[in-house]
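Naming convention: chains lettered A, B, ... in sequence-line order (proteins, then strands); numbering from 1 in each chain. Here the structure is a predicted model, which means the values were calculated and not measured.
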Number of protein chains: 2
Amino acid sequence: MNTHEPPSRRRRATLGDVARLAGVSSVTVSRVYREPQLVSPAARDRVEAAAAELAYIPNRLAAALASSQTHTIGVVVPSLTNGVFNDFLSALHNTLLGAGFQALVLDSRYLAANEERAIATLLGHHPEAMIVTGVDQTATARRMLEQSGVPVVQTMELTDDPIDINIGLSHPAAGYAALRFLLDCGARRIAHMMAPLDARAVRRREGFERELRANGLDPIVIHSTKPTSVSLGAELLGELLAAHPDVDAIWCSSDYLALGAMFECARRGIRIPDDIAILGFNDLELCAVAHPSISSVATPRYEMGQTTAEILLELLRGSGRRPADRRIDLGFEIRARDSTRRP
Amino acid sequence: MNTHEPPSRRRRATLGDVARLAGVSSVTVSRVYREPQLVSPAARDRVEAAAAELAYIPNRLAAALASSQTHTIGVVVPSLTNGVFNDFLSALHNTLLGAGFQALVLDSRYLAANEERAIATLLGHHPEAMIVTGVDQTATARRMLEQSGVPVVQTMELTDDPIDINIGLSHPAAGYAALRFLLDCGARRIAHMMAPLDARAVRRREGFERELRANGLDPIVIHSTKPTSVSLGAELLGELLAAHPDVDAIWCSSDYLALGAMFECARRGIRIPDDIAILGFNDLELCAVAHPSISSVATPRYEMGQTTAEILLELLRGSGRRPADRRIDLGFEIRARDSTRRP
DNA sequence: AATCGAAATGACAGCGCTTTCATTTTGAAT
DNA sequence: ATTCAAAATGAAAGCGCTGTCATTTCGATT
C-alpha cells in the first residue's frame, strides 16, 4: 500500500459558486434548472457556461431537503437474483423514470427482519411512495409504513387487510388452478416442490394441498429452506424420487426448480411428460424455449410493475386521486406446453 | 376514482419533536443516535422512549447534508436481469452493508448515454465512492467522475488508462483461452455467438478471432443486437446452422446463449458434444446442473464485488490508503464439463 | 417623455440535521 | 467545604438548496 493522491480532493462546486462565476444570484441559477422559462436567455447562457466550467452537479440532498420532494420511490423485494423481480422492477423503472422518479431498491433476501430494516432505511431517504413485496410485513414495519404518510403499495399477492394499496394475484387460487390442471392432464400421484422461504409459495401450496385433499389424494410435498435455484430443483428431484418413486407429476413452485428437476430427469433417463409431467410457476422467458418446453403458471410480473407505477404516478401528481378499489387482482394464467400431457 | 384519505398526511416527526417530548435539546437526541456513550443513561432512555412514541425515523437527507457523509456508494451496471451482475452486486452488498455503507444501484441497459445519465444522477446523491462497469465511459462521464473527488472503481474488465482504480479480468485473454480450449478439444469449425451490445463481449471476440486467424482458421461469428437471453441463444443457433451447417463447436459469449443453443440442439436432435461442442461464458450456477453440463469460462464475479468493496472500505475509512497497484487482474478459469469433448 | 403591467432578478428564511464551542453539572480529590 | 477536571448538555451557525415575496428592469402603450 502507498498513499497517492485521490483524483481531486477539492470541494465540489455549489449553486453559489456557479452564481458567482456567472454574475447572477444563486436563485437565478436554481431557476435555470427548475424553471428555465423564467430566466432570460442571456442569463441562462452565462449560467450554463459557468456550470459547465465548474462541472457543477446539483446536490440532490440539499434540493430534496429544501423542497421536501425527493422524487424517489422506495422498493423492497425479496431477491434481486430472481427473474421474477427483475421483470417487475424493469416495468417499474420504465414507467417511473419517464416521469422523473427514481426507484431506490433494496432486497430482503426473504427475511422479515431484513425487510423491516430495509423499510426503515428507505423511509430515512424520504421517498414519496413505498412499494413492498407481499403482505407479511412485521408489525413494526407496518406501523412505520402507516406513519410515513406516503402511499404504500403491497405487491405480488393479495390480502384482505392492505396497508394502503394492494396489487397482485391470489396465490392460493394459483395453487388450486395448478392442481386442477395437472388432474385434468390425467396425473394422480402429484408432488409439489417448493422453497418455503417464500411466503407466497407457502400460500400456493396451501391452495394446492386443499384441493388435493378435496379430491381424496394425499399431498406429496418436498421442500428446502435454501433459496430457489436450478441446482436445488435437481437436488429436490433426487430426494423426491427416493421417497416417492411413483410420482407422475410435479408442480414446482418456481421455474428454476422446474428446470433443475427437468435436467435431473434427463440425467436419469426419465421421460417428460410421459413418465413425469412437470409444471412450473411464473412462466419465465426460458420456459418457452426449453426442451421440452415447460408448462407454467404465468404471472403478470411486468403488468404488476407497470400498474403499480401508474397508480403511484397518478396519486403523486394527480392531486392524490386513488383507485376506486384499493385492491387490484391481476390474475394468472396457465400456459400448457410440452412438459405436461395434453388435458 | 374517488379521493379518500391517504393513511396519514401529518408531518413526520423530527429531531426537534423528539427532543421536546423527551425534555432535552435536539443535540442530545442527535447524539443518542451517533454517539450514545456521550449521553447519560437517563437521558438516553427518555429520548428512546420519545422516539418510539413518535415513530421517529431520522432524515438521512438532512444528516447527509449537514455532515457531508452520505454513507452511500454509487454503482452503475449494464443490466439488472443478468446473473453476472447479481453475483457482483450481492458480494458488494454483503461487504458494504456490514460497514454501514449502502449501494445505490442504477442500470444502463448497455447504453453509454444511459450510463452517463446514471452517473450524473448518482453523483447528485453525493456518494462517497463510485463503481462503474467496464472502461468505456463517455468523455463527459469520465470528466464527471474525475471531478467528483471520490474514489472511482471501474470493474469487470481491465484498461491501461483507468480513471482511478480498476478491478477486473482481461476479456481478450478470455477469448484467446476459449479458442485454445476448443482447439485442444479437437474442434476445427468453431463458431462464436455473441451480443455485441456488451463491449466486453466485443473484446472477447477480438481475442478469439485474432487467435483463430493466427491458426489459419476463418472466424464464424453470429450475433444479434438484442440483449442476451436463453431464447436468443436458440434463435442464433438456427441462424448459425442455416449459414454454416458444418460447425463442430460454438463458443457462446454468455451462458444464457449457451443454454438456449443447447435446447435448440436437443430440439433438432443434434448431439452435444459429439456433433457440436458448446462452451459458455461466466459459469453461472446452472452450467454445472444442466444436462449435459455446460463447459464455461468462469469469471470471478463474486470476488470482483468483494475485492471492490474491500478496497473502497479501506480507502474510505483507513485514511485514504490505496492499493499499490491501481489495476487488479482477478483472472478467469475454464471449467471443462460435458458439453465439450475432453481435451 | 411618462406610465404601467409583465418579465426578470434577488434577499431572506428555513428544510432537519451535525459541528463546534461554550456552559453547566457531576463526582472525585483535597 | 473547596477545587477542578471530566462528563453531560445546550446555543448557535451552517450544510446547499428552494419557496416566498419584494424589487428592479424592460418593452409596449399612451
Side-chain angles (χ1 to χ4, degrees), chain A residues 10-48 50-51 54-72 100 121 123-128 148-149, chain B residues 10-48 50-51 54-72 100 121 123-128 148-149:
Chain A
R10 76 167 159 291
R11 197 176 60 83
R12 273 166 63 160
T14 69
L15 252 199
D17 298 332
V18 177
R20 211 166 304 120
L21 185 58
V24 296
S25 76
S26 48
V27 203
T28 302
V29 179
S30 175
R31 271 196 278 259
V32 167
Y33 287 90
R34 292 177 301 110
E35 301 175 285
Q37 75 283 0
L38 294 184
V39 179
S40 68
R44 212 182 306 161
D45 289 349
R46 270 180 301 144
V47 167
E48 274 160 6
L54 297 174
Y56 169 65
I57 294 180
N59 184 334
R60 292 194 167 231
L61 268 43
L65 183 60
S67 68
S68 55
Q69 294 204 290
T70 55
H71 292 294
T72 61
T121 301
L123 286 177
H125 286 275
H126 279 237
E128 300 188 22
S148 74
Chain B
R10 74 167 162 291
R11 198 176 58 84
R12 273 167 64 161
T14 70
L15 251 199
D17 299 333
V18 177
R20 211 165 305 121
L21 185 60
V24 296
S25 77
S26 49
V27 203
T28 302
V29 179
S30 174
R31 272 196 278 258
V32 168
Y33 287 90
R34 292 177 301 109
E35 301 175 287
Q37 74 284 359
L38 293 185
V39 179
S40 68
R44 212 182 306 161
D45 288 348
R46 272 180 300 143
V47 167
E48 273 159 5
L54 297 174
Y56 170 65
I57 296 179
N59 185 334
R60 292 194 168 232
L61 268 42
L65 183 61
S67 68
S68 55
Q69 294 203 288
T70 55
H71 292 292
T72 62
T121 300
L123 286 177
H125 286 275
H126 280 235
E128 299 188 23
S148 74

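- In this structure, the CD atom of Gln37(A) is 17 Å from the P atom of dA6(C), given to the nearest Å.
- Among the heavy atoms of the strands, none lies under 4.0 Å from Glu35(A).
- Residue-level contact check: Ala43(B) touches the backbone only, with heavy atoms under 4.0 Å from sugar-phosphate atoms and none from bases.
- Taking atom CG of Leu15(B) as the reference point, atom P of dA12(D) lies 18 Å away to the nearest angstrom.
- For the pair Arg12(B) CZ and dC15(C) C1', the interatomic distance rounds to 13 Å; values are reported in whole Å.
- Residue Ala66(A) places its side chain closer to dC15(C) than to any other of dC15(C), dT9(D), dC17(C).
- Of the side-chain N and O atoms in Ser26(A), none sit less than 4.0 angstrom from OP1 or OP2 of dC17(D).
- The side chain of Tyr33(B) places no N or O atom within less than 4.0 Å of a non-bridging phosphate oxygen (OP1 or OP2) of dG16(C).
- Protein atom CG of Leu38(A) is 16 Å distant from nucleotide atom C1' of dC26(D), rounded to whole Å.
- Regarding contacts with the backbone of dT18(C), a side-chain N or O of Ser30(B) is found under 4.0 angstrom from either OP1 or OP2.
- Residue-level contact check: Ser68(B) touches neither bases nor backbone, having no heavy atom under 4.0 Å from any strand.
- At a cut-off of 3.5 Å, with distance as the only test, a side-chain donor of Arg34(A) or Ser30(A) sits close to an acceptor on the other residue.
- In this structure, the side chains of Leu38(A) and Thr28(A) stay at 4.5 Å or more apart for every pair of heavy atoms.
- Rounding to whole angstrom units, CZ of residue Arg34(A) and C1' of dT9(C) are separated by 13 Å.
- Distances shown here put every side-chain N or O of Arg60(B) at or beyond 4.0 Å from the OP1 or OP2 atom of dG16(C).
- Looking only at side-chain heavy atoms (C-beta outward), Glu128(A) and Thr72(A) stay at 4.5 Å or farther from each other.
- Nucleotide dG14(D) holds its P atom 22 Å from the CG atom of Leu61(B), rounded to whole Å.
- Ser67(A) has no side-chain polar atom (N or O) that falls below the 4.0 Å cut-off from OP1 or OP2 of dT18(D).
- Rounded to a whole Å, the CZ atom of Arg46(A) is 12 Å from the C1' atom of dA8(C).
- Here Thr14(B) lies in heavy-atom contact (under 4.0 Å) with sugar-phosphate atoms only.
- With dG19(D), dT18(D), dT18(C) as the choices, the nucleotide that has an atom nearest any side-chain atom of Ala63(B) turns out to be dT18(C).
- Put simply, Ser40(B) has a side-chain N or O that comes within less than 4.0 Å of OP1 or OP2 on dT9(D).
- Whole-Å rounding puts the Asp17(B) CG to dC17(C) P distance at 9 Å.
- Between the side chains of His71(A) and Arg60(A), not a single donor N or O lies within less than 3.5 Å of an accepting N or O.
- Residue Val29(A) forms a side-chain contact (heavy atoms from CB on, under 4.5 Å) with just one option from Thr14(A), Val18(A), Leu21(A), Val39(A), and that option is Val18(A).
- The nucleotide whose nearest atom lies closest to any side-chain atom of Arg31(A) is, among dA8(D), dG10(C), dC17(C), dG10(C).
- Relative to the side chain of Ser25(A), the nucleotides dT9(D), dG10(C), dA12(D) differ in distance, and dG10(C) lies closest.
- Comparing dT18(C), dT20(D), dA8(D) by their closest approach to the side chain of Val27(A) singles out dT20(D).
- Among the nucleotides dT18(C), dT9(D), dG16(C), the one closest to the side chain of Leu65(A) is dG16(C).
- At least one donor-acceptor pair under 3.5 Å links the side chain of Thr70(B) to the backbone N or O of His126(B).
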